[in-house]
Structure formats: C-alpha cells, structure tokens
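In what follows, every chain begins at residue 1, and chains take the letters A, B, ... in the order their sequences are listed.
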Protein chains: 2
Amino acid sequence: MSDFDAASFLDRLGLRATRPRLRIARILFADRQDRHVTAEWLADELARQQHPVALATVYNTLHALTEAGALREVRGASPGTIVFDTHTGPHHHFYDETTGELTDIPADAITLQDLPQAPDGKTISGCDIVIRLR
Amino acid sequence: MSDFDAASFLDRLGLRATRPRLRIARILFADRQDRHVTAEWLADELARQQHPVALATVYNTLHALTEAGALREVRGASPGTIVFDTHTGPHHHFYDETTGELTDIPADAITLQDLPQAPDGKTISGCDIVIRLR
DNA sequence: ATACCTGCAAAGTCTTTGCAATCAA
DNA sequence: TTGATTGCAAAGACTTTGCAGGTAT
C-alpha cells in the first residue's frame, strides 16, 4: 500500500493523532498529491471505509489542517462550498462547471504581467485564478 | 438627480417593468457603473428607501438581470455569499479580506501569458482572478 | 385574459456552535 | 490528570422553492 506515517505526519504539524485525524490524514495525504475534497465527500469516504466521522469533526479537522499549513482552501470554485486542496503551493485551477471538478494548473503555466499595485496600505495576500470550463 | 430611465432599461432587457424591478434597476444602474452588491445589502437599501422588497424577489430580480446580461456574479470573493457586479465586461477584482469589499481591476491591468489549453473537449467559458488583500 | 411577478413562509444547503462524554499525552 | 477532541443535535447564514394573490401588457 503506502508507507505513509499518519501519526508522525500529524505530530509534525503539532496536531494530536486522534483516530479520526489519522484516518483523514491517510485519505488525504497517503497517495495522490493533488486532491480537492469537500467536507461532505470526505465524510462520505470515511463512511464508505466503515469508519464514519461526524461531519462537524471533519470540518474541525480540515480547518485544523488548513491552519497547520497542510491544506489550502480554494475559493472561487463551487459556489457555496469550501474545497480543500492538498496542494498548498502557488498554483491555479480549472473549474469544470458541468461536473464541479477542480484541476490544478501549475503556477508557472500562467504568467501575470503588470500585476496592479495593492491600494493604500494593503498587502497582496494571495491570488486565485479560476478558469471556468464548459 | 439622474436621467436614468429604468422602464426602458428593463424593456431593452426583455424584463417586465414591475415596481420592485424599477426600484432595483435605479439603485443598481442609475449612477455608478461599478457596484458590487449582495442580495441582503440590496434588500436593506430598498427598506432604507421606504420601499421594502421581499428578499426572494430581490434574488429573483438579481438572477433575472444576470441572465439578461446586465449583471455578473462574482465568484471567489466573500465565501458563502453571491456578489453581483454591475460591471459585466471582462475585468478582475481585489478582495479585501478585512472588509469583504470588492474593487475592480481593469482587464488590461493584468496580462495573462501562456494560458493553458483547456482539457479534452472543454471550452474556456471564463476566467476569474481574485487578488486577496490584507 | 393571461402569462408573468411578488411576497410570504417553509424548506434546503452548507457550515458552525454548544456541550457532555471521551481520549491522547 | 488534564486539556484537547469527538459526536450529536441544534443553530446559523445564505439561497431557493411553492404557491396564492396581484400585475403588466
């Protein structure tokens, strides 16, 4: 299978290795590196694996992982739904309007020129590009 | 005040000139050209002007105006809230994470190079860039 | 006349919160 | 032990829907 050590993974993030978190970490980080999940999908997946976790706990964990820097919230896609991305580095997304699916676009696949100045005393904290597909 | 003719404005869009729509059209299109409104703000504004309109009707009208091409929904900003933009042409946004405020960025202020190909049989239907400010 | 529109309230979707019971360290 | 975490259910924020009554053309 995988030699992913969920316990030390959580440890390194400063998160307690509880049972739900171990299971969630394995689902999210064991194999693929570019997952885009919603809380609901994750809760369903856990249930499918015969290890149901309360939806509230799923949200707690996703937010904890986000604060710890292991996940990133994607804005601008599925309206009304938070999508969590296991790829935390700079990159952008295709959003398929038909299926709701997100696909990564490497950051260097898009060149931004003449990025405008941030107004007054503000700092640019991030830049999301979503290319919608139909 | 303004010489904005809400009745013919709606007419041109193929929308019936009902009382709520006339009021909404005036608020949105009479003066400024770059408004970003939420349904709730608009309902509050109508109430403030002593012409309350049911929230459901506000949503109906905003969606009708969007389908008619007079508004555009902005994605990727305020999570969980639909923002309607009176500026329908191509452009992008600053999103102030502190205030939730949206500001326009002219389309030509950003140059996209090497836009990636859309996958398989898909077409690019739009591109939203949101620059987050802190 | 008649199709469309409005308002109200109820229902829906997604997310967060409160709190007692449980668990990791 | 002891504070963090879980689960459940209830509450919240935002949006949509159903439908009876009203309205523009």
Visitor: Round to the nearest Å and state the distance from B:L62 atom CG to D:dC14 atom P.
Guide: 15 Å
Visitor: Could you tell me the separation between the CZ atom of B:R23 and the P atom of C:dG7, rounded to a whole number of Å?
Guide: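 Going from CZ in B:R23 over to P in C:dG7 covers 10 Å.
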Visitor: Would you kindly give the CG-to-P distance between A:L10 and D:dT6, to the nearest whole Å?
Guide: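 To the nearest whole Å, that distance equals 10 Å.
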Visitor: Provide, to the nearest angstrom, the distance between the CD atom belonging to A:E73 and the C1' atom belonging to C:dC14.
Guide: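 It works out to 13 Å between those atoms.
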Visitor: Rounded to whole angstrom units, what separation is found between the CG atom of A:N60 and the C1' atom of C:dT17?
Guide: 10 Å
Visitor: Side chain of B:R16 only, heavy atoms from C-beta on: which candidate in C:dT6, D:dA4, D:dT23 is closest?
Guide: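 Among C:dT6, D:dA4, D:dT23, the one nearest the side chain of B:R16 is D:dT23.
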Visitor: CZ/A:F84 to OG1/A:T66 distance, rounded to the nearest 0.5 angstrom?
Guide: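 The distance works out to 4.5 Å.
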Visitor: For the side chain of A:E40, counting heavy atoms from C-beta on, which of C:dC8, C:dC14, C:dC5 is nearest?
Guide: C:dC14
Visitor: Report the distance from atom NE2 of A:H63 to atom C1' of D:dT5, rounded to the nearest whole Å.
Guide: 16 Å
Visitor: Can you figure out which of C:dT16, D:dT25, D:dT6 approaches the side chain of A:T18 most closely?
Guide: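 Per side-chain heavy atoms of A:T18, the pick is D:dT6.
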Visitor: Contact class for A:R21 vs. all strands (heavy atom < 4.0 Å): base, sugar-phosphate, or nothing?
Guide: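 Since only primed, P, OP1 and OP2 atoms lie under 4.0 Å of A:R21, the category is sugar-phosphate.
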Visitor: Taking CD1 from B:I82 and C1' from C:dT13, how many angstroms apart are they, rounded to a whole number?
Guide: 12 Å
Visitor: Of all the choices, D:dG7, D:dA4, C:dT6, which nucleotide is nearest to the side chain of A:P20 once you look at every atom?
Guide: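 So the side chain of A:P20 is nearest to D:dG7.
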Visitor: Return the 5'-most residue of the pair B:R19, B:G80 with respect to DNA chain D, ranking by each residue's nearest nucleotide.
Guide: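 Result: B:G80.
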Visitor: Find out whether B:L62 and B:L42 are in side-chain contact, i.e. whether some heavy atom of one side chain is under 4.5 Å from a heavy atom of the other.
Guide: yes
Visitor: Under 4.0 angstrom, heavy atoms only, what part of the nucleic acid is A:L55 near: base, sugar-phosphate, or nothing?
Guide: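 Base contact - A:L55 has a heavy atom under 4.0 Å of at least one base atom.
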Visitor: For the pair made of CG in A:L22 and P in D:dT5, what is the distance, rounded to whole Å?
Guide: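 The answer, rounded to whole Å, is 13 Å.
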Visitor: Check every strand shown and say whether A:T57 touches a base, only sugar-phosphate, or nothing at a heavy-atom separation below 4.0 Å.
Guide: base
Visitor: Of A:P52 and B:D11, whose closest DNA chain D nucleotide lies nearer the 5' terminus?
Guide: A:P52
Visitor: Nearest to the B:Y59 side chain among D:dT15, D:dC8, D:dT17, which nucleotide is it?
Guide: D:dT15
Visitor: Please report the interatomic distance NZ(B:K122) to CZ(A:F94), rounded to the nearest 0.5 Å.
Guide: 12.0 Å
Visitor: Under 30°, 30 to 60°, or over 60°: which ring-plane class applies to A:H91 and A:H93, parallel, tilted or perpendicular?
Guide: perpendicular
Visitor: Looking at B:R132 and A:D128, is there a salt bridge between them, counting it only when a charged N and a carboxylate O are closer than 4.0 Å?
Guide: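 A salt bridge links A:D128 with B:R132.
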